[in-house]
Number of protein chains: 2
Amino acid sequence: MNAIPRDRQEAAGVPGCGAAADNRCALCGGREACLPSLFHSDDNAAFERMVAGKRRIERHASLFRANDKFDTFYIVRVGQFKEFVLDPASVQRVVRFYMPGDIVGFDGVATGVHSSRVMALEDSEVCEVPYAQVRKAMHDHPRFLDRFLAAMSATLLDQHQHTRLLTLPSLDGRFACFLLYLSANYARMGYSDTAFRLAMSRSDIGSYLGTTVETVSRLIARFNAQHAVRIERRMVQILDRAKLIAMIDNTAADRCPVPAPTEDRQPEMPVH
Amino acid sequence: MNAIPRDRQEAAGVPGCGAAADNRCALCGGREACLPSLFHSDDNAAFERMVAGKRRIERHASLFRANDKFDTFYIVRVGQFKEFVLDPASVQRVVRFYMPGDIVGFDGVATGVHSSRVMALEDSEVCEVPYAQVRKAMHDHPRFLDRFLAAMSATLLDQHQHTRLLTLPSLDGRFACFLLYLSANYARMGYSDTAFRLAMSRSDIGSYLGTTVETVSRLIARFNAQHAVRIERRMVQILDRAKLIAMIDNTAADRCPVPAPTEDRQPEMPVH
DNA sequence: CGTCGTCTTGAACTGCGTCAAATTACGTGG
DNA sequence: CCACGTAATTTGACGCAGTTCAAGACGACG
């Protein structure tokens, strides 16, 4: 997710799995890295001045909705969120999930208005950081500027990962990718990367993977049968990580086979 | 694409269609808005100092590749680009297209290294803007800081659009969406939004839509037969825009039907 | 213990991927 | 200017993965 600087996330086929950061926020103090190294080598006190306050968000309550005014960033302290847009038929399209340490709100900077809705998947808590303060801090602390830009850029990389996931030809690959992505994020937060609880419903997963609830169910059944994982209700155990990775690679084969461009000029006819 | 501030792009089902900007870059002077209002109300001269130079990129040559060092942004002056990553099987996954006025390189900020490859679809030209200069300008000119952040945020919104496109259940919807997106972008550049040339191959389109070349071919044939468009070779004419929009909406119906959440607390069972 | 919602399972249908071959476009060299 | 070769694009036939519709199972809570 957008925890930064996401220490050199590798470009392999699998979502980034940065090491767990360990910078305690003086405000939060929780055991989660609630603001992952964004400020620590610089001026920690500066950050604390930036934080306007904390806010609790009940399960299923929204942090903000599409068309709400944007003037505040949120850093997830505890809990998880889903971000989604509503398509014409009022169907949710989950665009991403947020976990502790992630920064929420970048989408609003462009227009001053939020373009999507962010809803808590469980009882959660966030730090509020007014955009005005962030701007000021960026001006005053060059290092903070860098870190902040890096954070924003990292969310772009996350989006790319999601895009890659969505273009995997088989659902097996997508689901495997999704599980590894969760695993990596739990690792980043300092939890087990082989056993964790899903905060999201089957519907949310289906939406995120670009498929239906039923198919998600069947995917789970199949993965369980193959002993790659053990998913029961919302508990997940990863039993055979290698098998999951293999599922991504195998299914990725020749789709839109633009041949691997080792040289710069790939063979294609010029346009008249 | 990431031309900014993307004047309040609407949240409707269709990719953003900002109005055509009209700020001439003193350096480029081309009739395309090569740097869309990023600097104009502030200090135009400041920008010109920022631009290190221009660079020509031949068709099929790369602006940069994955793992190349990042230290420069590029603003597309003329031509078009595709950005893609290679999956394990060395297959291209097109993540986005760039058109004149778009800023390229945000992905590199997070790690200092590019995560994808950007290749010219036709003979092109870009302005080079060193990251160091941008940082300095952000520090010196608060308004520029705002604009730059807005630009970055806008690319995030673009990615969301792509994600939404990819989760449309039917290929018809995706392709319709793609055509409207191109149309909107040509409009933004001041060209006709009903007749234009595709810079990308069928393969690239297939990759962008998450499908195969063959299916793209069939989509085109079907759309032609329905007189929604007239696509011949790489020339596109949009004949019935309403029909295209309808194709998106119709196919968007109940997929992962999380009911429209008008109230904040949508009905779902608490987790034990 | 009954109701409600989520999740799972079943069966039938179909859109799209896959493989294969034909066709067209375009650049090259004669 | 024409003939040829390469690569892109189109078209056809077939099979399967995944959607759809429908019903049932499970767990939570009143």
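- At whole-Å resolution of the value, CZ in Arg222(B) and P in dT10(D) are 14 Å apart.
- If you check distances only, the side chain of Arg218(A) does reach the base of dG10(C) with a donor-acceptor pair under 3.5 Å.
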As a quick check of understanding, evaluate ring pair (Phe, Tyr, Trp, His ring centres under 6.0 Å) for Phe97(A) and Phe81(A), giving each step before the final call. CA-CA 6 Å; Phe97(A) 297 108; Phe81(A) 294 82; over 10 Å; no
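- Within the 4.0 Å cut-off from OP1 or OP2 of dT9(D), at least one side-chain nitrogen or oxygen of Arg234(B) is found.
- Distances shown here put a side-chain N or O of Thr211(B) below 4.0 Å from the OP1 or OP2 atom of dG17(C).
- Between the C1' atom of dT24(C) and the CD1 atom of Ile231(B) lies a distance of 17 Å, rounded to the nearest Å.
- Contact annotation: Thr212(B) reaches the phosphate of dG17(C) (side-chain N/O to OP1 or OP2, under 4.0 Å).
- The 5' end of DNA chain C is approached more closely, in terms of each residue's nearest nucleotide, by Leu219(B) than by the other of Glu214(B) and Leu219(B).
- With a 6.0 Å cutoff to the six-membered ring centre and a 45° limit on the axis angle, Arg174(A) does not count as a cation-pi contact of Phe178(A).
- Both tests hold for Arg96(B) against Tyr98(B): distance to the six-membered ring centre under 6.0 Å, angle to the ring axis within 45°.
- Taking atom CG of Leu209(A) as the reference point, atom P of dA17(D) lies 18 Å away to the nearest angstrom.
- Taken from CD1 in Ile220(B) to CD1 in Ile205(B), the straight-line distance is 5.5 Å, to the nearest 0.5 Å.
- Atom CG of Leu171(A) is separated from atom P of dT20(D) by 12 Å (rounded to the nearest Å).
- Remark: C1' of dC7(C) and CD1 of Ile220(A) are 9 Å apart, rounded to the nearest angstrom.
- When the nucleotides dT9(D), dC16(C), dG17(C) are ranked by their closest atom to the side chain of Ser170(B), dC16(C) comes out on top.
- Computed from coordinates, the Met200(B) CE to dT9(D) P distance equals 12 Å when rounded to whole Å.
- In this structure, Thr215(B) reaches the dG17(C) phosphate: one of its side-chain N or O atoms is under 4.0 Å from OP1 or OP2.
- Look at CZ on Arg202(A): it is 19 Å from C1' on dT19(D), rounded to the nearest Å.
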